[in-house]
Amino acid sequence: MMTDKKKYIWIEYLIFVCAVSAFGLVTENTYYLQIMTFIGINTILGLGLNMLMGYTGQVSLGHAAFYGIGAYTTAILSGTYGINPWLALVCAVAAAVLIAFIVGLPTLRLSGYYLAMGTLGFGMIVNIAIREWADVTGGASGFVGIPVLEAGSLVFMAGAGYYFLVWAIVFVAMIICRRLLASRTGRALRAIHDGEKAAVAIGINTHFLKLEIFMFSAALGAVAGFLYAHFVLFISPESFGFMFSIKIVTMVVIGGMASVWGALLGAAVLTLLPEVLHGFAEYEMIIFGLILMVVMIFMPQGLTRGIMDMIRTARRARA
Amino acid sequence: MVHTVSLSVRQGELISIIGANGAGKSTLLGAVCGLLKNWSGEIEFKGRALKGMSAPAIVRQGISMVPEGRQIFSPLSVMDNLKMGAYTRFRKDGKSRVAEDLDMVIQMFPILKERANQLAGTLSGGEQQMLAIGRALMARPALLVLDEPSMGLAPKIVEMIFSTIQDLSHSGVTILLVEQNARAALKISDRGYVLETGKMVLQGSADELLVDDDVKRAYLGKDYGDFLDERNQ
Amino acid sequence: MSEQIIKTANMDDNDKAQRQLERLQATLNRACKNVPFHRNRIQEAGLSDITRLEDIEKLPFMDRTHLATHYPYGLFAVPLRDIVRIHTAPGSGASPSISGYTKTDLMIWKKMVAGAYAEANVTDRDIILVHLPSGLANWARDYKDGGEAVGASVIPNAPLSVAKTLMVLRDYKVTTLVTTPAFARHLTAHMFDRECHPNELNLKQIILVGAPDDGRTVSELRDSLHVDVWLNYGLSEIPGPAIAHECRYHDGLHINDDHILSEIIDPATDRPVPAGEKGELVLTTLSARAFPLIRFRTGDMAKFLSQACPCGAASTRIEWLAEQADNYMLISGIRVSQTQVRVNLKTALKLPSIGCTMKKSCRSGTDILLISLAMDDHLFSDEIKNLQQLIAYAEETLTEQNGIKVKIRLTQ
Amino acid sequence: MQEIVQYLFSGITTGAVYAVIAVGLSMLYSSTELINFAHGEFVMIGALAMVTLWVRLGLPLPLAVAGAVAAGCVLGLVFERLAIRTARNPEPITLIIITVGAGIFLKGAAMIVWGKDPFSMPSFSSHESIEIFGAALLPQSIWIVTAALVLAGGIHLFLKQTLTGKAMVACAVNKKAAWLSGIPSEKMGILAFGISAGCGAVAGIFIAPITMSSYDMGTILGLKGFCAAMIGGLGSLWGAFAGGLLLGILESLGAGLISSGLKDAIAFVLLLLILYIRPGGLFAAKEAKRF
Amino acid sequence: MKQKHLVLAVLVIILSMLPVSGAMAADIYKIGGIFSVTGRASFLGDPEKKTMEMMVEQINAAGGIDGHMLEAVIYDSEGDPAKAVSAVNKLIHKDKVIAIIGPSTTPTTLAVVNFTKRAKVPLISCAAGIKITTPVDPWVFKTAQSDLLAVAAVYQQMKAAGIKKIGILTVSNAYGESGKKQLLGQAEKFGIQVVLNESFGAKDTDTTPQLAKIKAAGPDAIVCWGTNPGPAVVAKNAKQLKIDIPLYQSHGVGSPKFIELAGDAANGNILPTGKILVTSLLDDSDPQKKVLEDYQKAYQNKFSGNVSGFGGYAYDAVNLLAGALKGSSGDKGKIRDNLEATKGYVGATGEFNLTPQDHNGLSPDAFVMVEIKNGTWTLLK
């Protein structure tokens with residue numbers, strides 16, 4: 001049973017790796033690679049938040065803050081101080097985790113809408129801090145001068161190189177998430193998911209666990225921010241505001257909570273949708289809003305589950 | 001999961017449904033009171049099929065339910081809670097009729113009279129249960145359905161609640177009582193049904209059930225795990 | 001405790017059916033859950049939910065062989081610790097028949113018997129004498145309990161001779177006699193032999209159990225003893241007597257629908273007979289906890305009476321016919337399967353095949369089974385003594401096995 | 001000193017804006033336990049409808065106000081019917097995303113109807129500011145504070161004194177029990193949405209003269225309103241009112257006394273501290289625990 | 001049935017993502033545009049997009065450039081750098097444009113230049129930020145006047161009016177920040193002292209605390225640096241607070257909308273602006289007058305809206321590009337070289353003289369100072 005499931009997961013991974021490599025090798029158009037790169041970055045963000053929302057039931061409306069912290073830490077360290085970006089990545093993750101710890105300690109004691117409000121406030125504060133600390137962050141005008149990522153002789157620039165870098169990290173992040181879920185922590189997480197009181201009753205320190213996951217998702221957010229910064233090479237506070245936080249939450253919910261593939265699907269949909277909707281010009285917003293509502297109304301479990309259900313009913317209808 | 005279950009309540013009867021946790025009692029009531037959808041079968045009340053009716057429609061038909069766990073409206077006052085029970089009747093019967101009933105209910109529960117203007121949330125558990133029953137009565141139900149009225153209450157209060165229920169029954173209200181406290185419930189009931197894992201396993205007059213070992217087991221929440229016991233080996 | 005619940009007898013058909021359906025569900029659910037035998041049969045029949053009474057027709061029948069094969073506790077539906085009484089009777093096969101009662105079962109049964117007494121106008125002012133043959137010893141207890149429940153003074157079964165019985169009747173001022181038709185006749189005969197006038201007795205009513213009216217017993221008793229006579233129907237396998245009883249109008253027997261679901265089937269086709277036609281009575285217990293029977297073939301022939309009874313009770317009524325389904329005989333309240341007797345006889349006589357006929361006969365107030373055995377070469381022995389010994393052995397064995405007296409007569 | 005008074009006045013004005021919005025949100029929460037993230041968009045609709053009806057079409061003020069409020073109410077009803085009710089699995093988080101989607105939709109629709117430019121609107125009464133302790137107070141601010149007070153008071157009365165209002169509260173605190181008492185909770189839901197959207201529209205109408213109205217004004221206002229409602233404690237109308245004022249005053253004092261760039265951050269830090277100390281908001285009616 | 005539609009929709013989405021493989025018509029010059037058509041900066045992007053569409057139409061109607069028709073591919077950045085990056089890559093790699101006009105704001109421009117540089121596609125930004133063209137990048141140009149010039153014009157005017165101490169109030173976004181930097185940086189040069197600098201949020205409903213604070217600091221004038229509708233709120237608040245010192249606005253409010261929004265409060269406000277706002281007030285000798293009149297007429301005919309100075313940036317960008325396209329036969333390097341060599345082009349914004357060292361090419365006289373009086377613009381000399 002267990003080995004079967006494991007095998008199944010490896011097949012999933014194999015398909016995933018093949019699909020990603022195939023796309024990367026076949027596609028030459030930088031535009032498509034770039035869209036895919038964005039999807040990858042958003043997937044990493046989604047994975048982190050998915051862990052938090054899907055398994056601990058904690059909604060964060062300030063997740064863009066960690067994304068921003070990751071991006072600005074690496075930008076400042078590597079851009080202003082010329083530190084090796086890879087070292088900056090470590091610092092960025094460390095900074096995000098540290099801040100997540102400090103903020104999470106009191107915030108995660110809140111619940112429901114109050115938690116939403118707490119995280120929202122945190123996101124706002126970080127965004128304002130970035131904007132106002134202009135000497136260091138470049139303020140509202142943005143930060144120029146982020147170096148291009150290099151590893152030995154490899155230069156990661158827009159195109160296939162960056163695409164593979166991002167998706168390799170997505171892959172690693174996925175495996176880490178899966179591992180985490182399979183571990184003791186994962187079991188505790190699922191216990192929380194089923195009911196916090198029950199989890200407390202069986203001796204799980206829910207607060208610490210939530211904090212742990214909060215820090216983990218912050219770390220993933222920082223990694224995503226790092227990747228974003230070195231990809232676009234310019235960052236400004238607008239990219240890390242409240243609306244983006246909402247977008248990440250939407251990605252998770254639309255894709256399907258408590259599902260690793262849901263994060264991927266949600267990121268893909270929310271990244272592609274605006275690209276596709278460009279054609280509708282002025283009507284883009286209306287259509288985007290409508291799609292969001294319709295998906296949530298008819299597939300409240302998210303697209304992953306919704307599509308699977310649809311296939312199942314279709315199959316049953318045919319049988 | 002409740003399987004096919006037939007049960008009937010005749011006018012004026014006090015019927016108990018007993019069974020352990022998860023036996024499906026509340027599910028059954030949910031179907032009766034319109035809280036659940038998607039069940040099969042039929043429920044008739046005074047010759048009218050209740051299936052597909054919403055809870056408020058069912059209340060209008062004359063079935064009131066006192067839900068499990070004393071679900072009162074804590075931020076409202078005791079009086080307002082009672083009035084809410086007559087919500088469907090204000091338009092139909094008019095204010096004065098409702099006011100009469102309000103008097104009647106308050107007479108029946110003197111404790112509520114003392115606390116008429118207090119917020120319901122400040123009442124003690126037993127008082128809240130009384131309030132919940134009083135609220136249900138305000139709809140002038142032909143059938144009063146009580147879900148676990150004794151849950152979490154002190155034995156003395158439970159006794160009081162049950163005696164109130166018995167009084168109600170004597171005054172002509174048909175009552176369907178769902179209880180885990182089988183003994184107390186059966187003591188005041190005419191008949192009883194025993195549910196086990198979603199199936200009706202026993203039914204009969206209350207005195208029959210009271211001495212039944214099955215009922216004792218259901219009450220204790222035990223199962224037939226030790227079906228053939230040591231005596232048989 | 002509140003007053004008695006409304007009985008099905010006072011309900012309309014719809015409500016009665018609903019009550020029966022509820023109890024049938026409960027019975028089946030419990031049987032299915034606790035008795036592998038029932039579970040297998042119910043599952044094989046593919047019956048997952050009972051939504052109408054008619055659904056029961058999807059289930060197979062039970063007969064006495066099933067009781068024998070699950071000897072002793074195989075058909076019990078409660079743990080033994082819940083059983084407070086175990087009735088046993090000789091049974092028709094190799095093993096005794098068994099049935100168990102929980103406290104509640106006993107209580108229900110007591111009430112049923114009490115109900116039958118009440119219909120027969122027995123009150124707490126009556127003195128009841130229960131006189132039943134040893135094969136019906138279990139019923140004797142039930143009639144004793146029921147009588148006590150009514151509040152009457154009960155004289156339980158005692159090993160008395162007819163003469164002493166008569167003395168008891170007379171001297172104890174017994175008002176109610178519970179007995180079999182055979183004994184009642186025997187007693188009457190004895191009274192007249194002794195020139196004992198019925199007026200010397202205080203007897204007001206006789207409750208006859210164990211056999212249907214043969215067309216003359218009841219009227220003879222009524223005329224000669226100036227008493228009212230009520231018939232009660234019972235089964236020795238299913239926990240007891242008073243499954244059905246006559247009301248004061250003596251127009252058929254009211255079945256106790258609260259606890260028994262009755263069907264009448266054509267024994268040949270196993271299908272229900274059309275309304276009003278005769279057939280074999282099939283019973284299902286609705287409230288038996290310990291020993292539920294589901295579609296049990298009684299072997300008794302009956303037909304449903306459809307017109308309303310003047311007493312007003314709406315319960316199902318049957319006319320208990322003085323005949324038996326093929327292969328069955330009713331002797332002293334005990335159903336005897338002719339096939340089974342034949343098998344038993346063959347074993348006892350160690351014969352590969354036999355030719356015999358059976359009939360009920362009455363000897364000094366007790367029904368007995370009279371077997372006419374055809375002589376054949378295998379059986380024939382040079383020594384009559386041997387043969388007589390063999391026959392006596394067979395008689396003894398069969399008597400023991402069936403709980404009724406068996407006589408074997410040899411014929412050419 | 002004079003500045004401080006000025007900051008307070010300014011804070012009260014802004015705070016009253018937040019308060020009106022928060023009252024609408026809180027009202028919806030107290031009757032459906034739902035936070036409508038599209039609430040700001042109803043504010044926007046109210047303001048823009050007012051622009052059309054009053055400024056463009058020149059309707060008399062009361063009629064224009066009534067029309068704009070009606071527009072908000074109707075939109076609210078339609079939204080509840082089409083989106084909230086049809087949701088198959090009304091988990092709070094899905095409902096939140098639905099309201100977010102609705103917000104985007106409304107914003108997009110308003111952009112097409114009213115265009116991207118902001119609109120201004122005259123004050124309801126004199127433009128001249130009133131001077132108190134040497135600080136200026138706008139008449140429109142008084143309008144807004146009054147509107148907030150009247151709305152909060154009116155809704156408070158409605159919920160506390162009328163049968164329907166009480167039934168609405170009953171639905172919110174215990175949907176099952178309300179349902180079982182024969183209160184048609186779906187109708188209450190619609191009504192609550194209508195009233196809440198109407199409140200939003202009222203907010204929009206009253207603040208339009210001082211803020212300029214445009215299709216994208218709603219988001220930030222809705223957000224601040226949400227914060228205010230949370231600070232006051234979800235479900236408490238007076239809490240929402242007080243929370244709004246507090247948020248406004250904190251921002252204003254922060255801008256005046258510390259740094260205008262950091263004013264939002266200062267306000268948020270203080271609000272977070274309040275939340276940490278009183279996790280259910282200042283006037284917590286009950287714990288809001290829905291997801 | 002429903003599912004069929006869904007499948008169809010999914011198919012359409014997938015197909016639209018596939019590379020377009022059709023061969024491009026050789027005789028069409030594809031030029032890209034990225035503007036903040038919606039979002040916070042839609043007041044910039046919207047007229048810019050419209051102007052670009054109009055200009056391309058005009059050029060094509062006049063027979064194109066060297067016989068080549070122009071095709072404009074325009075995307076909306078919504079003011080979001082990530083979206084702008086997405087759009088620029090789409091333009092470069094999918095639509096394969098030979099030059100790009102836009103984006104509208106400084107952050108979006110800074111975000112996209114990394115990609116245009118790499119792809120060696122000439123970019124003519126319509127954003128004002130000075131960071132865009134300093135340091136000069138060979139492939140990046142801009143048409144909007146730098147804040148540097150606007151601030152210089154304001155300070156010049158102040159100096160003439162004898163104002164020594166000012167308080168500044170800037171919007172907390174890239175525009176305001178860039179303005180603040182210039183205001184602070186150039187103050188000394190003009191002998192002006194900044195007594196207080198404050199900021200306000202783009203969507204703030206009230207700025208009285210900031211104004212009260214500035215008022216208390218006692219400056220001779222207040223400079224407000226922002227784009228609509230914030231400065232209108234500031235103007236209104238200033239009036240309410242009865243602040244009687246001059247209020248200077250930035251060129252960011254240079255549109256009739258400002259007067260509409262601020263109403264009475266706009267009167268007395270002084271601001272630098274491109275000449276487009278005051279076309280009719282210009283001397284007939286001004287070379288820009290005719291250009292502006294033509295542009296205004298054409299725009300108003302087509303879109304029935306008021307012209308703003310922002311559309312002018314796109315107007316100039318298209319014209320500069322059109323000029324550079326001549327004789328380039330579509331070669332990007334050639335276009336770049338031609339752009340760099342543009343001299344004496346008189347546009348809506350001013351006279352452009354581009355050099356390899358100056359990719360903006362405007363002189364301070366691109367700005368005029370205007371004062372709003374009785375709800376209309378008047379030129380200050």
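Below, chain A is the first sequence line, B the second, and so on; all start at residue 1. Since this is a predicted model, take the numbers as computed values, not measurements.
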So for [X], is it side chain, backbone, both, or neither that comes closer than 4.5 Å to the heavy atoms of chain E?
| X | result |
| --- | --- |
| D/Y215 | side chain |
| D/K263 | side chain |
| D/E251 | neither |

Under a 3.5 Å cutoff, is there a donor and acceptor pairing between the side chains of [X] and [Y]?
| X | Y | answer |
| --- | --- | --- |
| D/T52 | D/W114 | yes |
| D/S260 | E/Q210 | no |
| E/Y175 | E/S250 | yes |
| E/E78 | E/S36 | no |

Tell me, out of [options], who's got the most heavy-atom pairs with chain D below 4.5 Å.
| options | value |
| --- | --- |
| E/S172, E/P209, E/G263 | E/P209 |
| E/D206, E/T170, E/N228, E/V233 | E/D206 |
| E/G201, E/A232, E/A262, E/S42 | E/S42 |
| E/L169, E/T207, E/T205 | E/T205 |

Side chain / backbone / both / neither for E/N237 at chain D, heavy atoms under 4.5 Å: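 Neither part.
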Which residues in residues 219-228 of chain D have any heavy atom closer than 4.5 Å to a heavy atom of chain E?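 At a heavy-atom separation under 4.5 Å, chain E is reached by D/I220, D/L221.
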Please identify, among D/G108, D/A136, D/G256, D/S10, the residue contributing the most non-hydrogen atom pairs under 4.5 Å to chain E.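 Max contact count across the listed options: D/S10.
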Flag the pair E/F200 / E/C224 as yes when at least one side-chain heavy-atom distance between them is below 4.5 Å, and no otherwise.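 Answer yes - side chains close enough.
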Would a 4.5 Å heavy-atom cut-off, applied to side chains only, mark E/L241 and D/Q6 as touching?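 Answer yes - side chains close enough.
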Could you walk me through whether D/D216 and E/K203 pass the salt bridge (Lys or Arg N to Asp or Glu O under 4.0 Å) check? CA-CA 9 Å; D/D216 60 349; E/K203 288 280 161 200; 2.9 Å; yes
Write out all pairs satisfying salt bridge (Lys or Arg N to Asp or Glu O under 4.0 Å) with one or both partners inside residues 212-234 of chain E, taking only residues at least two apart or from two chains.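 Those involving residues 212-234 of chain E are E/E198-E/K213.
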In terms of the angle between their ring planes, are D/F206 and D/W143 parallel, tilted or perpendicular, with boundaries placed at 30° and 60°?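 D/F206 vs D/W143 ring planes: tilted.
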Can you label the angle between the E/H251 ring and the E/W225 ring as parallel, tilted or perpendicular, going by 30° and 60°?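 Rings of E/H251 and E/W225: perpendicular, over 60°.
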